[in-house]
Amino acid sequence: MIDPASKLIVSLDTSSLKHAEEIAESMVGLVKWLKIGSQLFTSEGPIAVRLFKEKGFSVFLDLKFHDIPETVGKAAAVAVNIGADMFNVHASGGSDMMKKALNSSMERSNTLGVEAPTLIAVTVLTSMDQKNLYEIGVRNTPKIQVLELAMEANKIGLDGIVASPIEASMIRSNGAFPPGFKLITPGIRPSWFHQDDHKRTMSPKKAIECGSDFLVVGRPIITAENPGDAVRKMLEEITG
Ligand code: C5P
């Protein structure tokens, strides 16, 4: 039986390291993974990664790199330097960019003698629907766009993708992807929380049933009066 707590990534979406530490404190012994995104990283920098690693957490550095291959390659090497256990790039940055990120991450990890971080490709943001894709010139449905970007990421050798849980079963049932291909799904909403800006959401229980490996959850946990209780409530909902 898989422990659902090991699948939960708590998103520390705050500008304050002090606030992030308070949340992390209430996660000790409950969850293994924390996510540091552009808000906390822009505010506090790499010290946030180092701090939570020292506290024993695994850290997903969610900076969604999307730039020319050379720049992304250099940023990927720095992600390894600062100890990220997982980081991501936008698949829509293209195959050369993804290749550079992967090669650079592997090279840097070899040099340092550490395990290479898990490298994930962001497909279509969960805040986007058909209309939003149309606005940026994409004529595919969100599902097809996720599938095409996921195929490209897999071909290049990335470890998995970020997509909405709505696309999880499609990826899992598609023979093109190896069993270990990781599915990271934000847009998770327990029954007792509102949807916010996500347009493609699912409950945590259903997302796991659909084949999600990691559930990224921010506001339902970090805005709770007691974040630890919110995690426990969510885990009860998953196992109940
Ligand atoms: O608060 P909430 O649970 O909606 O937080 C979702 C987190 O997942 C945010 O940190 C957001 O940046 C991230 N996210 C993502 N990819 C998406 C959608 C959200 O990494 N497609």
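For reference, positions follow the sequence shown, starting with 1. Side-chain atoms are counted along with the backbone in the values below, which use heavy atoms only and exclude waters and symmetry mates.
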Inspect the surroundings of CE in M151 and state if more than 12 heavy atoms from other residues, nucleotides or ligands are less than 6.0 Å away.
yes
Crowded around L112 CG? As in, over 12 foreign heavy atoms under 6.0 Å?
yes
When you look at CD of Q195, are more than 12 heavy atoms from neighbouring residues, nucleotides or ligands closer to it than 6.0 Å?
yes
So do the side chains of V162 and K64 get within less than 4.5 Å of each other, counting heavy atoms only?
no
If Ile, Leu, Val, Met, Phe, Trp and Tyr residues are connected whenever their side-chain heavy atoms lie under 4.5 Å apart, and connections chain through other members, are L51 and V80 in the same group?
no
Closest approach of A121 and L158, non-hydrogen atoms and distance?
CB-CD2, 3.8 Å
Side chain proximity check, T118 to K182, heavy atoms < 4.5 angstrom:
yes
NZ/NE/NH1/NH2 to OD/OE distance under 4.0 Å, K18 and E21:
no
Main chain of Q39, side chain of S43: is a donor-acceptor contact present, judged purely on distance under 3.5 Å?
no
Just by distance, do the side chain of K55 and the backbone of A24 share a donor-acceptor pair under 3.5 Å?
no
Salt bridge R50-E54, side-chain N to carboxylate O under 4.0 Å:
no
Do side-chain atoms of Q130 reach the backbone of N140 as a donor and acceptor pair under 3.5 angstrom?
yes
Is there a path of hydrophobic side-chain contacts, each under 4.5 Å between heavy atoms of I, L, V, M, F, W or Y residues, that connects M106 with V78?
yes
R200 side chain vs S127 backbone, donor-acceptor pair below 3.5 Å:
no
Check each of F214, F57, F52, F60 against W33 using the ring pair (Phe, Tyr, Trp, His ring centres under 6.0 Å) test, and report the only one that passes.
F214
From I208 atom CD1 to M202 atom CE, the distance as rounded to the nearest 0.5 Å:
12.0 Å
Side chains of Q145 and T123, heavy atoms from C-beta outward: is any pair under 4.5 Å?
no
Step by step, work out the side-chain contact (heavy atoms from CB on, under 4.5 Å) result for K143 and I166.
CA-CA 8 Å; K143 268 196 167 176; I166 291 175; 4.3 Å; yes
Less than 4.5 Å apart, any side-chain heavy atom of I161 and any of L183?
yes
Is it the case that one hydrophobic cluster holds both V217 and V10, taking links as side-chain heavy atoms less than 4.5 Å apart, direct or via other members?
yes
If I compare all heavy atoms of A150 with all of F181, which pair ends up nearest, and what's the gap?
O-CZ, 3.9 Å
Stepwise side-chain contact (heavy atoms from CB on, under 4.5 Å) test for K155 and K99:
CA-CA 10 Å; K155 200 164 84 187; K99 255 181 231 155; over 6 Å; no
Rounded to the nearest 0.5 Å, what separates atom NZ in K35 from atom CG in L63?
9.0 Å
With a 4.0 Å cut-off, would you call K74 and E70 a salt bridge?
yes
Begin with the C-alpha distance, continue with both residues' side-chain angles, and end with the deciding distance and a verdict on side-chain contact (heavy atoms from CB on, under 4.5 Å) for M98 and L102.
CA-CA 6 Å; M98 285 194 274; L102 181 61; over 6 Å; no
Considering all heavy atoms of both residues, which atom of M27 and which atom of L34 are nearest to each other, and what is their separation?
CG-CD2, 4.3 Å
Please step through side-chain contact (heavy atoms from CB on, under 4.5 Å) for the pair I222 and T14, ending with a clear verdict.
CA-CA 9 Å; I222 67 167; T14 167; 5.5 Å; no
Distance in Å, L8 CG paired with I221 CD1, rounded so as to fall on 0.5 Å steps
4.5 Å
Between the main-chain N or O of P220 and the side-chain N or O of T223, is there a donor-acceptor pair closer than 3.5 Å?
no
Minimum heavy-atom distance P69-K100, with the two atoms named
O-CG, 3.1 Å
With rounding to the nearest 0.5 angstrom, report the CG to OG distance, L215 to S11.
12.5 Å
Hey, could you give me the CD1/CG distance between I120 and L61, rounded to the nearest 0.5 Å?
12.5 Å
Find out if a path of hydrophobic residues (ILVMFWY) with successive side-chain heavy-atom gaps under 4.5 Å connects V28 to L12.
yes
Considering only heavy atoms from C-beta outward, does the side chain of F177 approach that of L147 to under 4.5 Å?
yes
Expected output: side-chain D159 to main-chain L119 donor-acceptor under 3.5 Å
yes
Does the side chain of V124 come within less than 4.5 Å of E167's, by heavy atoms?
no
Tell me if a side-chain donor or acceptor on K7 pairs with a main-chain N or O of S212 at a distance below 3.5 Å.
yes
Answer whether the closest heavy-atom distance between the side chains of E107 and N110 falls below 4.5 Å.
no
For the atom pair CG (L149) and CG (N154), what is the distance rounded to the nearest 0.5 Å?
12.5 Å
Heavy-atom pair with the smallest gap, counting every atom of G83 and V49:
C-CG1, 4.2 Å
For P186 and P165, work out which heavy atoms get closest and say how close.
O-CD, 3.2 Å
Is it possible for you to say whether I184 and F65 belong to one hydrophobic cluster, with membership spreading through side-chain heavy-atom contacts below 4.5 Å?
no
For residues E237 and P204, determine if any side-chain heavy atom of one lies less than 4.5 Å from a side-chain heavy atom of the other.
yes
